[in-house]
Every structure is written in structure tokens, then in C-alpha cells.
Amino acid sequence: MCTKWISAMWLYDKIKKSYEKRVDATGLALFRILYGIVLFFEIRLIYFYRHLIFDRIPYLVPYEIDFSYPLIIWMGVALLIAFGKYTRIATLLNFTLSLVFIGTISTYEYHMFYIYQGINLLLMFLPVSQVMSLDRLSLKLKHSTLKNTYTPPTKVTQWAYFTPILMALAFVYLDSVFYKFSSPLWKNGLGMWLPSSLPMITHSDTTFLMNQRWLVMSLGYLTMVFELLFIFLFWFKWARIPLFVIGIGLHLGILLEFPIPLFAIGVIGIYFLLLPVKYWKKISGFFEAKTPSLTFYYDEENLFHVRGKIIVDSLNIFKRIQCLGIQTHAKKDPILGKVKGNKLLNEVQVVTKGGKHFSGFDAYLKAFGQGAFFILAWILAIPGIKHLGKWLYSKFTSKNKGTSYLQSIPPVPLSSKNRKIFSNLSVQDIKVPILALMICLIVGMQAIVTMGSFLSITRTQANAEDQTRQRLYKSYLDVHKHSKPIFGITNHALFMDYHFNNYNHNLALTYEKDGKETFLPIVNEDGSMGDLVSGFIWAKWGFRVNSAYINPNTLQRGIRDFTAFWAHHNNVDLNKAKFNVKVKLVENTTKWQKDFYRKQQARPWLDGGYVLWENRNMKSFIKDIEQIGVAK
């Protein structure tokens with residue numbers, strides 16, 4: 001008992017020490033931006049395929065609820081997260097919407113959905129908008145005066161970096177290792193080679209790489225060792241760069257091989273959290289201008305101008321703008337010396353390195369073009385939009401002329417260490433035990449789920465009679481029922497033997513009209529993956545509709561849904577339409593072979609039957625796919 005208490009206190013002290021250690025928030029901000037963009041495009045895919053996912057029959061028998069507007073709102077929320085605006089509200093809405101959509105999707109789920117769910121939970125608690133965000137800009141504007149510009153803190157707790165890595169990478173790899181080390185496929189070095197050599201799984205012909213037997217086998221073994229050691233090594237600073245390089249390399253390989261680009265890019269974004277801060281400073285220094293491209297002049301005695309200067313300065317990530325007060329520096333500039341009367345003080349002024357002069361709206365436009373919002377500057381420069389922008393700017397500036405002070409300035413926010421709940425208890429004193437409890441909860445759930453992974457692998461008929469094992473397995477099922485949809489904590493049996501054993505058929509669909517066949521962009525005529533198959537659609541077609549062991553009912557429903565969806569988007573009349581099922585037999589192997597991908601791709605298409613749509617109802621004449629090619 002005493003030993004357990006000492007261990008618990010040691011762990012608590014470690015968590016507290018790490019929490020109190022402050023590091024620069026740049027890496028966390030870049031992770032937020034990339035993650036928000038990836039999430040936006042994932043939601044956009046869900047929106048595009050919403051009728052395929054949610055309708056009982058796409059476009060023919062719709063679901064009771066139209067999910068269009070919630071998904072549009074969710075896309076907006078993802079952009080708010082990327083830009084760091086209203087971050088707390090946005091992350092709360094984001095998690096709620098991900099519970100509704102990601103947490104309830106079953107047959108269309110894929111591995112990235114679990115990562116989204118875990119990260120979306122963490123985002124509600126992480127200080128992701130500390131730097132490089134519109135929230136930070138709002139704070140500066142709110143608490144700055146004419147004489148003093150408020151600078152919010154730029155550092156965050158070290159745990160803000162650790163928790164996403166722990167939840168989205170370390171736990172995932174550790175659980176996955178139990179499956180890989182029990183898999184003959186992975187133990188024989190084929191865990192990377194086989195999925196990358198099957199036309200119905202990969203979307204690239206990488207035969208040249210796959211033919212390098214010892215290379216691909218070494219990469220397979222490296223993946224196993226990397227996943228095993230990751231959770232133990234990423235805590236150490238010396239190990240992070242090697243882990244970063246290997247991890248980025250593995251996921252660039254996934255990007256190359258498999259049609260799940262958002263998974264690969266999203267995980268690469270999480271790896272950014274491993275890079276030390278000094279690397280971000282070196283990278284940003286590479287893009288920073290040696291000398292400013294323009295000078296932004298503002299009235300130092302006008303709060304409206306000062307706020308404009310704060311905005312421009314906050315967007316000046318490339319250091320191409322220098323901001324100077326008119327009263328102090330205008331006389332030194334020969335171009336501004338030519339500006340007469342009050343015009344110099346009434347408008348902000350910009351002088352470029354080449355000697356060009358801009359004022360008012362045009363000055364802001366020129367400044368934005370050199371800052372983080374250069375795309376916005378291009379949009380505002382479009383004729384029509386520019387004229388509307390000038391009109392709105394003139395209306396706004398006319399109301400703020402002569403504004404030189406704030407009647408009441410909100411007090412500067414206190415840090416959590418200085419905010420007191422009681423005289424001897426600060427907010428930070430509460431945060432540390434809450435963090436410790438949250439970490440223990442997540443670690444506990446993951447431990448139970450990983451135990452379930454181990455039990456799933458080792459279950460035999462003899463073990464089924466073991467009451468202790470049965471109770472443990474029931475505990476796993478009870479926890480997993482809640483941990484998966486809420487926390488994204490689940491099993492990670494990826495590319496295992498049972499995915500490929502007897503997976504000896506590639507299926508394609510063609511639309512037949514007037515004797516001419518057109519391949520649907522699910523599987524192309526050469527047997528490669530089509531443009532329609534990406535992300536969760538790839539998982540649906542490649543592992544559920546088509547799979548190692550085909551369920552005729554699942555296949556029929558899948559073909560019904562995909563043909564109905566494609567027909568709607570291609571103006572095909574389902575009152576009378578015929579779709580053929582094509583089957584390409586694939587060799588089932590457990591041994592490395594040279595040119596394996598091209599050999600399977602060269603095999604001929606066989607007749608797998610057809611389906612007829614008549615009066616918007618489908619009739620199935622699909623053959624028994626498992627029996628095609630079987631010797632009679």
C-alpha cells in the first residue's frame with residue numbers, strides 16, 4: 001500500500017513539474033491550423049457523400065433528417081478552429097458535432113475518425129489559440145491603449161504538446177503492436193508489401209519500390225519496432241527528431257500508397273508537436289524578409305489608427321512590414337513630406353520600398369498583401385469587391401475620426417497562477433489534479449482496451465471456459481462501448497492477416513447503355529482505385545462491400561447504394577438502367593513476389609453478373625463471387 005502511494009505521488013509530481021514547465025506555443029498553433037484545415041476537408045467529404053452515408057437509398061429513400069445544414073455549420077466551426085477565432089466555443093461545438101456524426105458512423109468509419117474524436121475532445125482543454133490566432137489579436141485590441149500594446153503570453157504548458165501525441169500516436173501504436181507481433185504477415189516482413197501490392201487496396205503503382213524485397217521487408221520491421229518503442233521514447237528530447245523523421249517518412253509512404261490522404265496529412269500535423277521550438281524559429285527565420293518591403297505609418301494619437309497598426313503588426317509573420325508613428329517618423333520620409341494638410345493624419349499611410357504611396361483602404365490592402373492574409377488582399381482587390389470595401393471603410397472611419405482614447409479599458413487578464421479561487425488556492429492549483437485525473441482516466445481506458453486487444457488475439461476454445469478471462473473480456477466490451485465514440489479509444493488492428501486471407505477478387509462496376517460499358521470511378525478499367533474512392537469511401541468499398549469473404553447481402557446493398565449515388569451525379573435515369581459487376585481474380589499469397597501488383601492488374605475481367613434498375617427499384621442478378629474461378 002505504501003509503495004502504491006509513493007508511486008502515485010511520484011507520478012503526480014512528474015505531471016505537476018511538466019505542467020509548470022512553459023514552452024513556446026508556435027508548434028501547437030501550427031498543429032491547430034493544419035488540423036483545422038484537414039478536419040474542414042474531411043467534413044466537406046462527409047457533406048459531399050452525405051446521401052450515400054445517411055440515406056436509406058441515396059437520393060431515392062432519404063433519411064428523416066437533412067444533415068446538410070449541420071455539416072455546413074461544422075465546416076464553419078473547423079475554419080474557426082484553424083483561424084483561432086472563438087476557439088473555446090468552436091471546440092465545444094466541434095466535439096458535439098463529431099459525437100453526432102463521427103461517433104455514430106459505423107460501416108463508413110475508418111481509422112482517422114478515431115483520431116479526430118480523441119483530438120476533438122482534447123481541443124476543448126488545450127490552449128491552441130495562444131499564438132497565431134484571431135483570438136490573440138482580439139485580446140491585444142481589447143486591452144491595448146495608445147501608449148501600451150498588450151502582449152498576451154506566448155508560452156503554454158508542456159502537456160499541451162504531450163497529450164495529443166500520447167492519445168493520437170503513442171496509444172494507437174502500442175495497441176497496434178499487439179496485433180502486429182502476433183501476425184504471420186507482419187512477422188514475415190510482408191506487412192507493408194502486401195497491402196501496397198494489391199490493386200483493390202493501393203492507389204499507386206509502386207512496383208519499383210515493392211520489387212526491392214529487403215527494403216520493403218526492412219520498412220515493415222522498422223514499423224513494428226517504431227510503434228513498440230514510440231510510447232517510451234517520445235518523452236525524451238533527444239529521441240524526438242529521430243521519431244519525427246521516421247514517423248513523417250512512414251506517413252508520406254501512406255500518402256503515396258493508399259487513397260487516405262487526409263489521414264496521412266492529419267497525422268503528419270500531429271508529428272509537428274514533436275519538433276523542438278528552436279526548429280520553428282529557424283524555419284520562420286528562413287522565410288522572414290531581410291529588409292521590410294513597405295512602411296506602415298499611423299497616427300500615434302488616434303486609437304483607431306493604433307488598432308490598425310496592431311492588426312497589421314500581428315499579421316506581419318514574414319517581417320516584410322515596419323510600423324512607424326506619423327508624428328515621430330513622417331518627417332524623415334520624403335514621400336510623406338509631400339502630403340498636405342490633415343490628410344496625413346486622417347488616414348493611415350503606406351510607402352513601399354520602391355517609393356509608391358498608398359493611403360486609407362489601399363494602404364491596408366497593400367499591407368495585408370505582405371502579411372498572413374495575402375489571399376484576403378487578393379480577394380479585396382477584385383473590382384466590385386474593392387469598391388464595396390472602400391465604401392464600407394469610409395463609413396467606418398467617419399465614425400471613428402478623432403478617437404484618441406478608450407473611456408474604460410478592460411483589465412489585463414490574469415494568469416491561472418494569479419487567479420485565486422480562495423486566498424491560498426489558485427486556478428492552477430486546481431488544474432494540475434484535474435489534468436492528473438484526466439490522464440489517469442485516459443490511460444486506464446486505453447489499458448483496458450489494449451487488454452481487450454490482447455484477449456481478442458489469444459482467445460481460444462479453452463480460454464473461453466476461463467471465467468477470469470471472460471470477466472476481463474466483458475469489462476473490455478463495457479469500456480470500449482463508450483471509449484470508442486467519445487474518446488476515440490479503440491482497437492487498432494490495421495492491415496492484418498484476416499484482411500487479406502482469401503481476398504482473391506477485385507470488383508468493379510460498369511454502366512451499360514446501347515451496348516457500351518463505362519467503368520464507374522470506384523475501380524478503374526485497369527483495376528486501380530478510381531477517383532470516387534477516398535478516405536472512408538475506400539474503407540467502405542475495399543473492406544466491407546468488397547472484402548476477403550463477401551457477404552451477398554452486404555454486396556448487394558453496397559452496389560445498390562453506389563450505383564444510385566453515381567447515377568444521380570451523372571444524370572442517369574434509374575427508371576431503366578443496367579450496371580454490370582466485373583470480377584478480376586487476384587492471387588492469394590503469403591510470400592513476396594516480384595512484379596506482383598502488375599501481374600494482378602494484368603488479369604482479365606470476368607463476368608460477375610449484373611443489376612437492373614427499373615422504376616427506381618433494383619433487381620439483383622449477381623453471381624456467387626466466391627465461386628467464380630473455383631474449379632468445378
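Residues take their numbers from the sequence shown, with the count starting at 1. Note that the coordinates shown come from a computational prediction; the quantities given were computed from them, not determined experimentally.
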Could you tell me whether the side chain of P127 reaches within less than 4.5 Å of the side chain of V156, counting heavy atoms only? yes

For M132, which of L30, I317, L137, T154 qualifies under side-chain contact (heavy atoms from CB on, under 4.5 Å)? L30

Spell out, as yes or no, whether a donor-acceptor pair under 3.5 Å connects the side chain of Q117 to the backbone of P485. yes

Heavy-atom distance under 4.5 Å between the side chains of I241 and Y279, does that happen here? yes

Identify the two heavy atoms, one from E300 and one from I326, that lie closest to each other, and give their separation to 0.1 Å. OE2-N, 3.7 Å

I need the minimum non-hydrogen distance between I270 and P164, along with the two atoms involved. CG2-O, 4.2 Å

Side-chain heavy atoms of L45 within contact of L262, under 4.5 Å: yes

Can you check side chain to side chain contact (heavy atoms under 4.5 Å, CB included) on L79 and M75, steps first, answer last? CA-CA 6 Å; L79 289 178; M75 281 189 275; 5.9 Å; no

Applying side-chain contact (heavy atoms from CB on, under 4.5 Å) to D135 and not counting sequence neighbours gives K85, T87, S129, S133

Tell me, which pairs form a side-chain hydrogen bond (donor to acceptor under 3.5 Å, both in side chains) where one or both residues lie in residues 28-50, sequence neighbours left out? Y35-N120, E42-Y110, E42-Y116, R50-S68

If only atom types and distance count, is the side chain of R136 paired as donor or acceptor with the main-chain N or O of Q130 below 3.5 Å? yes

Could you walk me through whether E301 and Q327 satisfy the side chain to side chain contact (heavy atoms under 4.5 Å, CB included) test, starting with their C-alpha distance in whole Å, then the side-chain angles of each, then the deciding distance to 0.1 Å, before giving a yes or no? CA-CA 9 Å; E301 297 177 359; Q327 286 87 342; 3.8 Å; yes

Check: Y114 and V172 side chains under 4.5 Å, non-hydrogen atoms: no

Given the rule in the side chain to side chain contact (heavy atoms under 4.5 Å, CB included) test, do Y173 and L228 qualify, once you have shown the distances and angles that lead to the verdict? CA-CA 7 Å; Y173 293 154; L228 175 64; over 6 Å; no

Okay, side chain of R307, backbone of N302: is any donor-acceptor separation there less than 3.5 Å? no

CD (E347) and OH (Y364) are apart, to the nearest 0.5 Å, by 8.5 Å

Are Q370 and N316 packed together at the side-chain level, in the sense that at least one heavy-atom pair is separated by less than 4.5 angstrom? no

Is there a donor-acceptor pair closer than 3.5 Å between any side-chain N or O of S394 and the backbone N or O of W391? yes

Can you sort out the partners of K319 under salt bridge (Lys or Arg N to Asp or Glu O under 4.0 Å), two or more places apart, ordered by chain and number? none

Gap separating the CZ atom of F272 from the CD1 atom of I165, nearest 0.5 angstrom: 12.5 Å

In terms of ring plane angle, is the pair H111 and F263 parallel, tilted or perpendicular, where the classes change at 30° and 60°? perpendicular

Locate the shortest heavy-atom distance separating T352 from L294; write the atom from each residue and the value. CA-CB, 3.9 Å

Y86 atom OH: more than 12 heavy-atom contacts under 6.0 Å: no

Under the criterion side chain to side chain contact (heavy atoms under 4.5 Å, CB included), I'd like the reasoning laid out for Y161 against T157: C-alpha separation, chi angles, the key distance, then a yes or no. CA-CA 8 Å; Y161 282 79; T157 172; over 6 Å; no

State plainly whether the residues K484 and E109 are in salt-bridge range, i.e. N to O under 4.0 Å. yes

Could you tell me which non-hydrogen atom of F31 sits nearest to which non-hydrogen atom of L273, and how far apart they are? CB-CD2, 3.7 Å

Parallel, tilted or perpendicular: which one describes the rings of W74 and F101, with boundaries at 30° and 60°? parallel

Do the side chains of T295 and I321 get nearer than 4.5 Å, heavy atoms only? no

Side chains of Y297 and H329: closer than 4.5 Å at any heavy-atom pair? yes

Any sub-3.5 Å donor-acceptor pair from S144's side-chain atoms to Y150's backbone N or O? yes

For a quick test of reading the model, state the closest non-hydrogen atom pair linking I254 to A264 and the distance between them. CG2-CB, 4.2 Å

Considering only residues two or more places apart or on different chains, which pairs with a residue in residues 350-370 satisfy salt bridge (charged side-chain N to carboxylate O under 4.0 Å, His left out)? D362-K386, D362-K390

Between H305 and Y298 (judged by ring centroids, cut-off 6.0 Å), do the two rings come close enough to count as a pair? no

Kindly state each residue pair satisfying side-chain hydrogen bond (donor to acceptor under 3.5 Å, both in side chains) with at least one member in residues 226-236, sequence neighbours excluded. S176-E227, K180-E227

To the nearest 0.5 Å, what is the distance between CD1 on I310 and SG on C323? 10.0 Å

Measure the CG-CG distance between L255 and L250 for me, rounded to the nearest 0.5 Å. 13.0 Å

For the CZ atom of F95 and the CD1 atom of I119, what is their distance to the nearest 0.5 Å? 12.0 Å

List the atom of I489, the atom of S483, and the distance in Å for their closest heavy-atom pair. O-OG, 2.8 Å

Under the salt bridge (Lys or Arg N to Asp or Glu O under 4.0 Å) test, residues paired with D313 that sit two or more places apart: none

I46 side chain reached by F536 side chain, heavy atoms, under 4.5 Å: yes

Rounding to 0.5 Å, atoms CG (L71) and CD1 (I53) come to a distance of 8.5 Å

Backbone N or O of T490 within a donor-acceptor pair of the H492 side chain at under 3.5 Å? yes

